[in-house]
Amino acid sequence: MVSSRSITAVKKRLQILFVICLVIGIGLRCTNAAHKVYWHDEVYTTIRVLGYSGTAVETQLLQEPVVSAADIQVFQSFPDPRRWSDTWAALVSHPEHPPLFYLLERIWVGIFTPSVTSFRSLAVVFGLGLLPLTYWMGRQLWRDHWVGLIATCLMAVSPVQLLYAQEAREYSLWACLILLANGCLLKAMRVSGRYSSDAIVVRSPKHVMLSQWGLYGVSVILMLYTTLLSALVIIAHGLYVLISGSRQHWQRWAMALGGAMLAFVPWIIVLLNNRAKLDSATDWTSFRQPLGYLLKLWGLHLSSTVIDLGLPLASLYTYVAPLLVLILVLMALGQLLLVTSLSTMAFCIVMLMVPALGLVLPDLINGGQLSVSTRYFMPSLLTITLILAGWIRQLLLSDRGFYRIWGQGILALLLAVGLVSGTLSAVSFTWWNKNIDYHVNTMGTVIRQTERPLVLSPLNATGLGSTISLSYAVAPDTAFVVFKPGRIPEIPAGYSDYFLLNANEEILDAIAAKTGRSVVLAGGDYPLWRLE
């Protein structure tokens, strides 16, 4: 009787906690979204969606000896006339990014006009949509309402999900579609044939079964048209069906996948016709990184689901936080294996390991850095949340008082560190996911403190994106001279201060020789130099 009353009290607290976390999650996703660094990759989202090509933008900027920040941002607005054909041509020229998210952005900003706010707000919408999908997926996987509530609470304050819910990229959409595809697969397998307690096969009507597999096929199509990395999710699904399903399940899955691949043929043709551009755009993934560096990042990928304090890579946090989260996940898996069906655990383990190994193993075997990007691990990160939710549910609703206390403590800790992490990133103007443009706001502040600055900006591999990113952080009339490396331009006189952005040693030496000035760092550990 005491146990029953205690469990009832826990359930009531969970319902209240669910509402609180939902409100907090919505608030964090909508806080400060327009004021964070609009970094290189987001700039290129804008360029392609609006129908420009990077090469054409560079060509136009190079034609002018001096351009202002306002002139540079012209390419962040619709051209005149605005044409869908230009957007499509820009997307086809970058086949590494399938078009679904970008076409949705084109519709979205066509309604609200292009701006940092409008481009990011679509990602915010998908970030919010992730919360009900998490609840639904929790119910599909664990067949339990309370797991859905706990998973939603964890997802609401998950630091990595908060970051990508505020970035004008496809990854918040991908997170939604991963959960949708996962849930559709589980539901399709369930209606195709399930067993009662008497071991008698119970089948749903044929039209229901076909519709569920059809929905799964549609979700796979949407995933593929969002990112090519969805292939890792499909492989994980196939392995799960092979392990847990019957021959009929395997056949129906293959048919659904075949239909999805047929629908993806148009983009496969684009990939084949633009193979050289694809190889060029993904060449960065082949650059070798030290194993120790990769190990640190893999650990931080894992821990970012639960905690992300944004501390330097060399800090003690890099070693401690991932280890603690790993121990927590292993404890969850170990206990769940004892009390959960093999089919459910197979799904959890396959969805956790297969996408991650698909990124890690190529870097270990061939050398490369595909696995340095946290966003590419999205399928595994989502699965960690579901695993932790299933484990915490077992603890919270246990007949044993110690387990209930233990479960409440773990849930409170996870929500607390998630809330702290999410608050820190929400109120910050930059975070590690801004990558090469992490210091843009700091550099903008240094430049704005001068009376009449001129910024020299080489158009190297990432130069255009970083230049446009910086243009958001300086005064609109700030002067820029853009140039190709190896073609040092004439530097006009009449400016109070001269700055050089993102230069290598060769450019630094060439600028110093041409101007007769010394080139020194403008301040801290960021790629901005001052001519003195």
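Computation of the quantities below employed the complete heavy-atom set of this structure, encompassing side-chain atoms and omitting hydrogens, waters and symmetry-equivalent molecules.
- At least one donor-acceptor pair under 3.5 Å links the side chain of Ser53 to the backbone N or O of Ala56.
- A heavy-atom distance below 4.5 Å is found between the side chains of Pro98 and Leu228.
- In this structure, Ala426 and Leu28 approach most closely via the heavy-atom pair CB-CD2, 4.1 Å.
- Between Trp253 and Leu257, the closest side-chain pair of non-hydrogen atoms falls below 4.5 Å.
- Inter-residue side-chain proximity for Pro114 and Phe78 is flagged as met; some heavy-atom pair is nearer than 4.5 Å.
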| request: Please assess Gln212 against Arg190 for the test side chain to side chain donor-acceptor pair (under 3.5 Å), listing each intermediate value before the final yes or no. | output: CA-CA 10 Å; Gln212 289 301 325; Arg190 192 174 298 121; over 6 Å; no

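- Side-chain contact annotation: Ser466 with His40, donor-acceptor N/O pair under 3.5 Å absent.
- Atom CE of Met137 and atom NZ of Lys187 lie 12.5 Å apart (nearest 0.5 Å).
- The two residues Ile307 and Tyr317 make their nearest non-hydrogen contact at O-OH, 3.1 Å.
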Solution key, residues 231-241 side-chain donor-acceptor pairs under 3.5 Å, sequence neighbours excluded:
| residue | atom | partner | partner atom | Å |
| --- | --- | --- | --- | --- |
| His237 | ND1 | Tyr216 | OH | 2.8 |
| His237 | NE2 | Asn182 | OD1 | 2.7 |
| Tyr240 | OH | Ser343 | OG | 2.9 |

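- Here the closest heavy-atom approach between residue Ala522 and residue Val446 is recorded as CB-CG1, 4.4 Å.
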| said: One pair to check against side chain to side chain donor-acceptor pair (under 3.5 Å): Thr285 and Thr282. What are the steps and the verdict? | reply: CA-CA 6 Å; Thr285 63; Thr282 57; 5.1 Å; no

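- Leu361 contributes atom CG, which lies 10.0 Å from atom CG of Asn366 (distance to the nearest 0.5 angstrom).
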Side-chain atoms of residues 472-481: list all donor-acceptor pairs with protein atoms under 3.5 Å, sequence neighbours left out, distances to 0.1 Å.
| residue | atom | partner | partner atom | Å |
| --- | --- | --- | --- | --- |
| Tyr472 | OH | Gln76 | OE1 | 2.9 |
| Thr478 | OG1 | Ala475 | N | 3.4 |
| Thr478 | OG1 | Ala475 | O | 2.9 |

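- Relative orientation of the Phe126 and Phe101 rings is tilted, given thresholds of 30° and 60° on the angle between their planes.
- Judged by distance alone, the side chain of Ser469 and the main-chain N or O of Gly465 form no donor-acceptor pair under 3.5 Å.
- At least one donor-acceptor pair closer than 3.5 Å links the side chain of Ser115 to the backbone N or O of Ser118.
- Between Asn433 and Trp39, the side chains place no donor N or O within less than 3.5 Å of an acceptor N or O (distance only, hydrogens not considered).
- To the nearest 0.5 Å, the span separating NE2 on His301 from CG on Leu359 amounts to 8.5 Å.
- For the salt bridge (Lys or Arg N to Asp or Glu O under 4.0 Å) test, residues two or more places apart in sequence or in another chain that qualify with Arg375 are Asp41.
- Below 30°, between 30° and 60°, or above 60°: for Phe264 and Tyr225 the angle between ring planes is above 60°, a perpendicular geometry.
- With no hydrogens or angles considered, no side-chain donor-acceptor pair links His97 and Tyr44 at under 3.5 Å.
- A donor-acceptor contact shorter than 3.5 Å is absent between the side chain of Ser303 and the backbone of Val325.
- The shortest distance between side-chain heavy atoms of Ile269 and Leu272 does not fall below 4.5 Å.
- The side-chain heavy atoms of Phe75 and Leu61, taken from C-beta on, include a pair separated by under 4.5 Å.
- Residues forming a ring pair (Phe, Tyr, Trp, His ring centres under 6.0 Å) with Tyr376 (at least two apart in sequence, or on another chain): none.
- Judged by distance alone, the side chain of Asn274 and the main-chain N or O of Val270 form a donor-acceptor pair under 3.5 Å.
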| task | I would like to know whether Arg48 and Tyr52 meet side chain to side chain donor-acceptor pair (under 3.5 Å); could you show each step before the answer? | result | CA-CA 5 Å; Arg48 294 166 194 161; Tyr52 299 104; over 6 Å; no

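- Taking 4.0 Å as the cut-off between side-chain N and carboxylate O, Glu96 and Lys277 do not count as a salt-bridged pair.
- Taking each heavy atom of Asp308 and Gly310 in turn, the nearest pair found is OD1-N, 3.2 Å.
- Annotation for Arg448: atom CZ counts as buried by contact number, over 12 foreign heavy atoms lying within 6.0 Å.
- With a 4.5 Å cut-off on side-chain heavy atoms, Val360 and Leu370 do not count as touching.
- Residues Ser425 and Gly422 share a closest heavy-atom pair of OG-O, 3.1 Å.
- Judged by distance alone, the side chain of Gln166 and the main-chain N or O of Arg29 form a donor-acceptor pair under 3.5 Å.
- In this structure, Lys36 has no salt bridge (Lys or Arg N to Asp or Glu O under 4.0 Å) partners at least two apart in sequence or on a different chain.
- Ser380 places a side-chain N or O within 3.5 Å of a backbone atom of Leu352 that can act as its donor or acceptor partner.
- With ring centers used as reference points, Trp136 lies 6.0 Å or more from Trp142.
- Leu224 contributes atom CG, which lies 9.5 Å from atom OG of Ser219 (distance to the nearest 0.5 angstrom).
- Formation of a donor-acceptor pair under 3.5 Å by the Thr134 side chain with backbone atoms of Leu130 is found in this model.
- Glu170 places a side-chain heavy atom less than 4.5 Å from the side chain of Tyr102.
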| request: Applying salt bridge (Lys or Arg N to Asp or Glu O under 4.0 Å), run through Asp437 and Lys434 and close with a yes or a no. | output: CA-CA 5 Å; Asp437 294 318; Lys434 303 307 177 184; over 6 Å; no

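- Considering all non-hydrogen atoms of both residues, Leu470 and Gly444 come closest at CD1-N, 4.0 Å.
- Expressed to the nearest 0.5 Å, how far CG of Leu222 lies from SG of Cys176 amounts to 11.5 Å.
- Not one N or O on the side chain of Ser471 forms a donor-acceptor pair closer than 3.5 Å with the backbone of Gln73.
- Annotation: salt bridge (Lys or Arg N to Asp or Glu O under 4.0 Å) contacts of Asp363 (sequence neighbours excluded): none.
- Around the CG atom of Asp283, the shell of radius 6.0 Å holds more than 12 heavy atoms that belong to other residues, nucleotides or ligands.
- Residues Thr318 and Leu300 are in side-chain contact: their nearest non-hydrogen atoms beyond the backbone lie under 4.5 Å apart.
- A distance-only check finds no donor-acceptor pair linking the side chain of Gln161 to the backbone of Ser158 [under 3.5 Å].
- Classification of the Trp174-Tyr171 ring pair by plane angle, with boundaries at 30° and 60°, yields perpendicular.
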| query | When you look at Phe499 and Leu454, which way does the side-chain contact (heavy atoms from CB on, under 4.5 Å) test go after all the steps? | reply | CA-CA 6 Å; Phe499 296 94; Leu454 175 73; over 6 Å; no

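- In this structure, Leu528 CG and Asn502 CG are separated by 8.5 Å, a value rounded to the nearest 0.5 Å.
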